[in-house]
S.K.: 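What follows is a single structure, and I will ask about it in a moment.
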Amino acid sequence: MLTPRSIERAGPTGEDVRAYPPSYYAATAPMAFAGTALDQDVQADACIIGGGYTGLGAALRLAEAGRSVVLLESGPVGWGASGRNGGQVHLGWNKDQHWLARHLGSDGAREMWAMARHARDHLDRLIAHDPDGCDFRAGLIHADHKPGLVAQTHAEVRFLQEAYGHGALTPLGRDDIRALVGSQAYHGGSLDMAGGHLHPLKLALAMARAARAAGAVIHPHSRCTGIAPDGPPGTAQAWRVTTPGGTVRAGQVLVATGGYATGLVPEVDAHVLPINNFIATTAPLGPERAAALIAGGQAVSDSRFVVYYFRITPDHRLLFGGGERYSWRLPADIAAFVRPHMLRVFPQLADVAIDHAWGGTLSITPHRLPHAAQVMPGLWSLSGFSGLGVVLAPWLGGEIGATMAGLPAPALDLVRRLPTPRFPGGTLLRWPTMAAAMTFFALRDRL
């Protein structure tokens with residue numbers, strides 16, 4: 001039986017949850033989301049734990065379906081990965097269509113592609129809730145950092161064009177990519193105009209406002225300290241969710257904490273691993289120097305296993321993410337940690353100051369596919385977006401919200417068929433096992 005567990009800190013990093021981390025996003029998101037901590041005992045049809053894309057997507061869908069829903073977030077809305085990620089908009093999954101066909105059959109693979117398109121269209125509808133359109137800009141470049149990878153990328157482009165009609169995707173040769181990206185580090189790749197980049201915290205805040213307008217009750221600064229069955233044995237299953245200030249009793253509960261609050265649902269921990277990632281933004285470069293780095297203003301994500309990703313912000317800074325670290329704690333000097341990785345791609349920025357640097361925790365699964373589970377009747381978990389949460393998490397959160405509301409959600413049924421095995425070593429050894437594996441792949445990236 002699931003027993004209450006105390007979560008002693010907001011997440012693996014031990015960060016202060018009273019305010020956003022000192023990120024570029026926190027400095028440029030003008031519309032804060034006001035809310036008060038839970039300070040009483042309440043009842044609802046559903047309780048959502050986690051105020052990121054997944055939880056907000058579920059809360060919005062439940063409220064739109066006329067269900068009473070209470071959302072609890074340990075910090076401000078969007079405090080975790082949803083408010084501090086790279087902001088890249090991808091179309092698709094972390095496994096290609098060939099892999100999906102082998103595991104789900106050709107019909108299943110096509111359904112997964114259709115789901116990815118639905119998720120992408122859904123993102124556009126969410127972006128429309130923000131007065132700035134979440135600073136969205138179209139275009140995502142995949143950049144191959146080794147010459148031998150280019151032919152494989154081009155073959156995949158042809159396949160998606162011919163088999164799936166994905167005309168927004170085009171191949172890039174060496175001259176093409178170097179005309180778009182001012183770096184000698186890349187040898188080819190692809191450009192997907194269905195992808196792009198946005199301001200992730202503005203998206204989270206827009207989703208929170210939409211969910212509240214639909215009727216959801218959102219309590220920031222309300223850390224979940226435990227989940228337990230509620231009611232005498234033999235009765236219909238209900239749940240009691242506790243916080244320092246109050247309790248929520250609900251028939252349905254969704255744990256949507258991503259890489260934070262490890263230990264809240266131990267049954268899920270072996271499938272989902274929190275890892276830390278790091279981002280920095282330079283001082284403003286000016287329009288000309290910024291365009292010399294990325295000529296068309298697209299986002300870039302490269303082929304490294306420990307991926308580098310970067311883009312130009314609306315105020316002409318380079319936002320750069322990269323670097324691996326296998327510790328629960330963030331580096332003391334994140335700017336100094338990220339800078340060498342940035343200079344590997346753009347050595348011409350050696351004279352440029354870094355104005356913002358921050359880290360965060362995301363959740364990954366062994367196959368880098370989302371892990372959706374009904375742990376017990378009425379108790380759900382959804383996490384493990386493995387870097388593709390900007391598009392997939394809001395939509396799949398909505399799908400699990402539909403399921404909690406008793407509505408059909410065939411897409412969620414298909415996602416639950418995806419293989420999400422346990423990490424080798426189980427809950428206790430998964431971290432050192434993954435750290436050793438990622439160290440190996442990071443070394444391979446450099447060869």
Side-chain angles (χ1 to χ4, degrees), residues 50 52-62 64-65 78 81-82 85-97 99-100 104 107-130 133-134 136-140 142 160 164-169 192-200 202-204 206-207 210-211 254 256 258 299 301 362-365 367-372 380 382-404 407-418 420:
Y53 297 150
T54 303
L56 291 167
L60 177 58
R61 187 68 175 273
L62 280 157
E64 289 176 338
S82 295
N85 63 77
Q88 296 207 344
V89 174
H90 297 258
L91 175 62
W93 306 84
N94 264 321
K95 294 295 184 181
D96 63 32
Q97 293 302 117
W99 190 97
L100 293 171
L104 298 174
D107 289 344
R110 289 194 173 276
E111 287 182 59
M112 291 291 289
W113 180 256
M115 287 165 52
R117 296 304 304 241
H118 289 318
R120 179 64 188 84
D121 292 342
H122 178 253
L123 179 66
D124 282 339
R125 294 192 291 273
L126 294 176
I127 287 171
H129 288 290
D130 182 68
C134 298
F136 174 76
R137 185 159 184 174
L140 177 63
H142 167 78
L160 290 175
Y164 288 86
H166 187 25
L169 182 65
D192 192 350
M193 292 306 295
H197 59 93
L198 51 68
H199 191 301
K202 287 184 179 181
L203 175 61
M207 291 178 66
L254 170 63
S301 179
L362 68 151
S363 60
I364 64 172
T365 62
H367 285 337
R368 305 299 192 269
L369 293 168
H371 180 67
W380 296 86
L382 177 59
S383 58
F385 291 96
S386 306
L388 298 192
V390 172
V391 176
L392 296 177
W395 183 70
L396 280 176
E399 290 297 292
I400 209 166
T403 299
M404 294 168 70
L407 302 174
L412 183 65
D413 296 335
L414 186 59
V415 169
R416 293 178 68 190
R417 288 172 50 196
L418 294 172
T420 53

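We're numbering straight along the sequence, starting at 1. All values below were derived from every heavy atom in this structure, side-chain atoms included, with hydrogens, water molecules and symmetry-related copies excluded. Keep in mind that this is a model prediction, so the values were computed, not measured.
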S.K.: Report yes if some heavy atom in the side chain of His199 is under 4.5 Å from a heavy atom in the side chain of Asp130; otherwise report no.
M.R.: no
S.K.: Evaluate the side chain to side chain contact (heavy atoms under 4.5 Å, CB included) criterion for residues Arg417 and Leu104: first the C-alpha distance (whole Å), next the side-chain angles of each, then the deciding distance (0.1 Å), finally the verdict.
M.R.: CA-CA 8 Å; Arg417 288 172 50 196; Leu104 298 174; 4.0 Å; yes
S.K.: Not counting sequence neighbours, list each pair that qualifies as a salt bridge (Lys or Arg N to Asp or Glu O under 4.0 Å) and has a residue in residues 386-404.
M.R.: Arg61-Glu399
S.K.: Between Glu111 and Leu414, what is the shortest heavy-atom contact and its length?
M.R.: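 Taking Glu111 first and Leu414 second, the nearest heavy atoms are CB-CD2, 3.5 Å.
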S.K.: I'd like to check the ring-ring contact (aromatic ring centres under 6.0 Å, His included) partners of His166; sequence neighbours left out, ordered by chain and number.
M.R.: Trp113
S.K.: Using 0.5 Å steps for rounding, measure from the CH2 atom of Trp395 to the CZ atom of Arg117.
M.R.: 13.0 Å
S.K.: Please report the shortest heavy-atom distance between Ala116 and Trp93, naming the atom on each side.
M.R.: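 Smallest interatomic distance, heavy atoms only, reads CB-NE1, 3.7 Å.
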S.K.: Hey, is the main chain of Gly384 close enough, under 3.5 Å, to the side chain of Ser363 for a donor-acceptor pair?
M.R.: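 Yes, Ser363 side chain to Gly384 backbone: donor-acceptor pair under 3.5 Å.
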S.K.: State which residue, out of Leu418, Leu369, Asp107, fulfils the side chain to side chain contact (heavy atoms under 4.5 Å, CB included) condition with Met112.
M.R.: Leu418
S.K.: Nearest 0.5 angstrom please: Leu382 CG to Leu412 CG, how far?
M.R.: 7.5 Å
S.K.: In Å and rounded to the nearest 0.5 Å, what is the OG to NZ distance from Ser386 to Lys95?
M.R.: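 Here the rounded value is 9.5 Å.
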S.K.: Are side-chain heavy atoms of His367 and Thr420 found at a separation under 4.5 Å?
M.R.: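 No - every pair of side-chain heavy atoms lies 4.5 Å or more apart.
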S.K.: Of Leu396, Leu392, Asn85, which is the lone residue that meets side chain to side chain contact (heavy atoms under 4.5 Å, CB included) with Tyr53?
M.R.: Asn85
S.K.: Rounded to the nearest 0.5 Å, what separates atom CG in Leu160 from atom CG in Asp96?
M.R.: 8.0 Å
S.K.: For Ala372 versus Val415, what's the shortest heavy-atom pair and its separation?
M.R.: CB-CG1, 4.4 Å
S.K.: Does a side-chain heavy-atom distance below 4.5 Å link Leu123 with Phe136?
M.R.: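 When only atoms from C-beta onward are counted, Phe136 and Leu123 do not touch, as no gap falls below 4.5 Å.
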S.K.: Is the shortest side-chain heavy-atom distance between Leu60 and Leu126 below 4.5 Å?
M.R.: yes
S.K.: Taking all atoms of both residues into account, what is the closest heavy-atom pair of Ile127 and Gly133, and its distance?
M.R.: CG2-O, 3.0 Å
S.K.: Let me confirm one number: the CZ-CG distance from Arg137 to Leu198, rounded to the nearest 0.5 Å.
M.R.: 13.5 Å
S.K.: Does Asp124 pair with Arg120 as a salt bridge, N-O distance under 4.0 Å?
M.R.: yes
S.K.: Just jot down the ring-ring contact (aromatic ring centres under 6.0 Å, His included) partners of His90, sequence neighbours excluded, or say none.
M.R.: none
S.K.: A side-chain contact here means heavy atoms from C-beta on lying under 4.5 Å apart; do Leu169 and Tyr164 qualify?
M.R.: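 Counting from C-beta outward, Leu169 and Tyr164 never come under 4.5 Å.
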S.K.: Can you name the closest pair of heavy atoms from Gly87 and Pro200 and give their distance?
M.R.: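 Shortest heavy-atom contact: CA-CD, 4.1 Å.
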S.K.: Which heavy-atom pair separates Ala409 from Thr403 by the least distance, and what is that distance?
M.R.: CB-OG1, 3.3 Å
S.K.: Can you tell if the side chain of Pro394 reaches within under 4.5 Å of the side chain of Leu56, non-hydrogen atoms only?
M.R.: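 Heavy-atom side-chain distance check fails, nothing below 4.5 Å.
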S.K.: Could you measure the distance from the CZ atom of Phe385 to the CD1 atom of Ile364? Nearest 0.5 Å is fine.
M.R.: 14.5 Å
